[in-house]
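Report on the structure given below.
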Amino acid sequence: MSLWVVIGVLAVFGYPIWTMVALYRNYRLAQGADLPILISPVNPFNPLWILSRPYLNPLLSRLPGVLSQSTRYNYLGWAWRDKNYLHTLHGPAFIIVTPGENQLIVGGADACDDLFKRYREWPKNPAFNDPLNTFGPSVGTAEGDAWKRQRKITTAAFNERNSSLVWSEAVKQARQMLHTWVSTRGNEVTSTTEDTSLFALHVLTGAGFGISYDFDSSLKVPSHGHTVSYRDALRTVMDNIFITYFIASAGGLPSFILPQKARDVLTAVNEFRSYMSEMVTQERNQHRKGEGASTANLMSSIIRASDDAAREFAAAKATVDASKAPSLRASLTDSEIWGNLFIYNVAGHETTAGALAYAIGLLACHPEWQDWLQPELNQVFGNGSVNKDQYHDAFQQLKRCHAIMYETLRLYAPLNGIPRHTGSSYQVLKLGASSHTIPPNTAVFINNAAVQVDREIWSSDALAWRPGRWLQTQTENPKHTAQTKPESADTPIAPVDKAYIPWAAGPRVCPGKKFSQVEFVAAIAVLFHQYRVTPIVDTYNGETEAFARERTMQVLADSDMALAMRMNHPERLRLRWDKISGSS
Ligand code: HEM
């Protein structure tokens, strides 16, 4: 028998046999946890499966038993499409046995909360961390004492001064974005998601890094000594995060062996590194000279806090017992500074951009909630415009804008299935009075998508987008609420703590929560103060307004997880912005 025949036989029979053996072994392991077990004959993380799933799952769904059942949960991001159907069948937690790692899915509000709180026992999943460490370790990927130290320094940067800067930058960007929308020929906007992405990127460069751009999609002029601008280098890196990771981990690849696209990414990676290095050096020099103390962007705050901590550490080391000195170390290394600057861009970009795009689409499909929003905006801003310096006066008053964000994130959270891991030891999952021993090397997903639509908590209309549920005066008829003066009427309802977790919870809760709220609320205020949005009605084909709304809702529903949740066909979100008659 020739070697090729042996290889062929092994490929045809070997893989299925290996899969069966791995499934059996993992099934036996999972049985010890005494939880419901589902089987996935494929490993959802397998790159080959990720590429072939769109073609193979339709075939699998025609086969009997577990093969077709598994198409419901055999891919990354299934939780959002499933809502909480599998939890209604199998309870608050179950295990999916796969030929790779087993997956524990936790969808009960109390159990999720417990996992968040015991963050040392349930660390993040290392498989998701590697691409995020491309420029250095960060608060988003570190564990244990290293995480604690980074969290302390980096979280201080998200303060009120920064929030004011976020407001100002978001108002500027939203105004210019709206201007491009209402200046489009035929008043038809098909670039909502692309534009909210640019909007969020610019808010980050402004309030995160002190570089303020004007909103327009053209390439920006590179700074002296660079071949691409900071914004375009960052954008290329963010849009190609996995290629970036591959190039960075391969290290020093000669560019001529790479295809053009990878070469562009390589250029962007090198340029982004060199921009970060220059910005950090410049910030340090200013700090040393006592200049720029009024700057409130995230980068500046982190570098200053870290350098101050390093100085305090050096001083303390001189006075205390040398053996205790290392525990006082509180500063960041240069690589940690870079890693943290990068994680802000990754964590703060698509998340807020997506939330805003979904909210705009939802408001377009629900004119009654635009009616509801209007009196609040009139009340706070009158006939004037939304100003860049109004953060302190306006933000807290905009309760209905907040409610729009809460409700959008409840149903369209950017991250669905927040990843954790057991690590290499057994961990105990608590479900009410019972305890379950979860075997080592199990991937864990905190199923926020399910918790946030649990009917027992969110009532029978849990799947409906109804921003009024967040305010005490909400009535079943939003038009009625629209006639009520907002300041006397609206009392925010505190989010149902354990059952509302789009920003996660516990010690590792998203530190950019307020940043994203200010950014989102400012954008909604600017966009809807004097304008309304509607789906374009295809009158040529006899479409009605109601049908156009339904079609638009389907565009939103046709979404899947990439780095964050995104629409599969954003170009089909066709919207029209019209000035409200009587507004100045
Ligand atoms: C709507 C907007 C946002 C949502 C829904 C969101 C959601 C989340 C979630 C669910 C986590 C936990 C991830 C995990 O534990 O695996 C997280 C962590 C994080 N987020 Fe956000 N985020 C948003 C905006 C932002 C912004 C604007 C920034 C920064 C500018 C940011 C920075 C971070 C960082 C640094 C972490 C890691 C924290 C840690 O592990 O200690 N996020 N975010």
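Start at 1 and go down the list; that is how both ligands and their atoms are numbered. Below, all heavy atoms of this structure are taken into account, side chains as well, without hydrogens, waters or symmetry copies.
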Taking the six-membered ring of W458 as reference, does the cationic atom of R410 (NZ for Lys, CZ for Arg) lie under 6.0 Å from its centre and within 45° of its axis?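 Yes, R410 sits over the ring of W458.
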Identify the closest protein heavy atom to [atom]: which residue and atom is it, and at what distance?
atom: atom 32 (C) of ligand 1; result: A347 CB, 3.5 Å
atom: atom 37 (C) of ligand 1; result: G140 CA, 3.7 Å
atom: atom 36 (C) of ligand 1; result: P511 CD, 3.5 Å
atom: atom 40 (O) of ligand 1; result: K124 NZ, 2.8 Å
atom: atom 17 (C) of ligand 1; result: C510 CB, 3.5 Å
atom: atom 6 (C) of ligand 1; result: W503 CD1, 3.6 Å
atom: atom 26 (C) of ligand 1; result: G348 CA, 3.3 Å

Between [X] and [Y], does the ring centroid distance fall short of 6.0 Å?
X: Y275; Y: F209; value: no
X: Y119; Y: W147; value: yes
X: F520; Y: H402; value: no

Verify whether one side chain among W181 and D195 offers a donor that lies under 3.5 Å from an acceptor in the other.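 The answer is yes; a qualifying pair exists.
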Is a donor from one side chain sitting under 3.5 angstrom from an acceptor on the other, for E283 and S300?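 Their side chains do contain a donor-acceptor pair, which is all the 3.5 Å distance test asks for.
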Measuring from the heavy atoms of F128, does anything fall under 4.0 Å of ligand 1?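 F128 does not count as a contact of ligand 1 under the 4.0 Å cut-off.
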Any R420 heavy atom less than 4.0 Å to ligand 1: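 Contact present.
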Should one rank G417, G506, A504 by closest heavy-atom distance to atom 12 (C) of ligand 1, which comes out on top?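 The option holding the nearest heavy atom is A504.
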Give the numbers and elements of all ligand 1 atoms closer than 4.0 Å to a heavy atom of [X].
X: L415; result: 9 (C), 10 (C)
X: P414; result: 5 (C)
X: I418; result: 10 (C), 14 (C), 15 (O), 16 (O)
X: P502; result: 5 (C), 7 (C), 10 (C)
X: R508; result: 39 (C), 40 (O), 41 (O)
X: V139; result: 35 (C), 39 (C), 40 (O), 41 (O)
X: F515; result: 27 (C)

Measure E519 to ligand 1 on non-hydrogen atoms and call it side chain, backbone, both or neither using the 4.0 Å cut-off.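 Neither part.
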Can you find an N/O atom of W147 closer than 3.5 Å to an N/O atom of ligand 1?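 So ligand 1 has an N or O lying under 3.5 Å from an N or O of W147.
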Hey, is [X] close enough to [Y] for a salt bridge, meaning N to O under 4.0 Å?
X: R455; Y: D461; value: no
X: D113; Y: R118; value: no
X: R566; Y: D560; value: no
X: E143; Y: K124; value: no
X: K388; Y: E169; value: no

If you take all heavy atoms of T193 and M567, which pair is closest and at what distance?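 Where T193 meets M567 most closely, the heavy atoms are CG2-CE, 3.8 Å.
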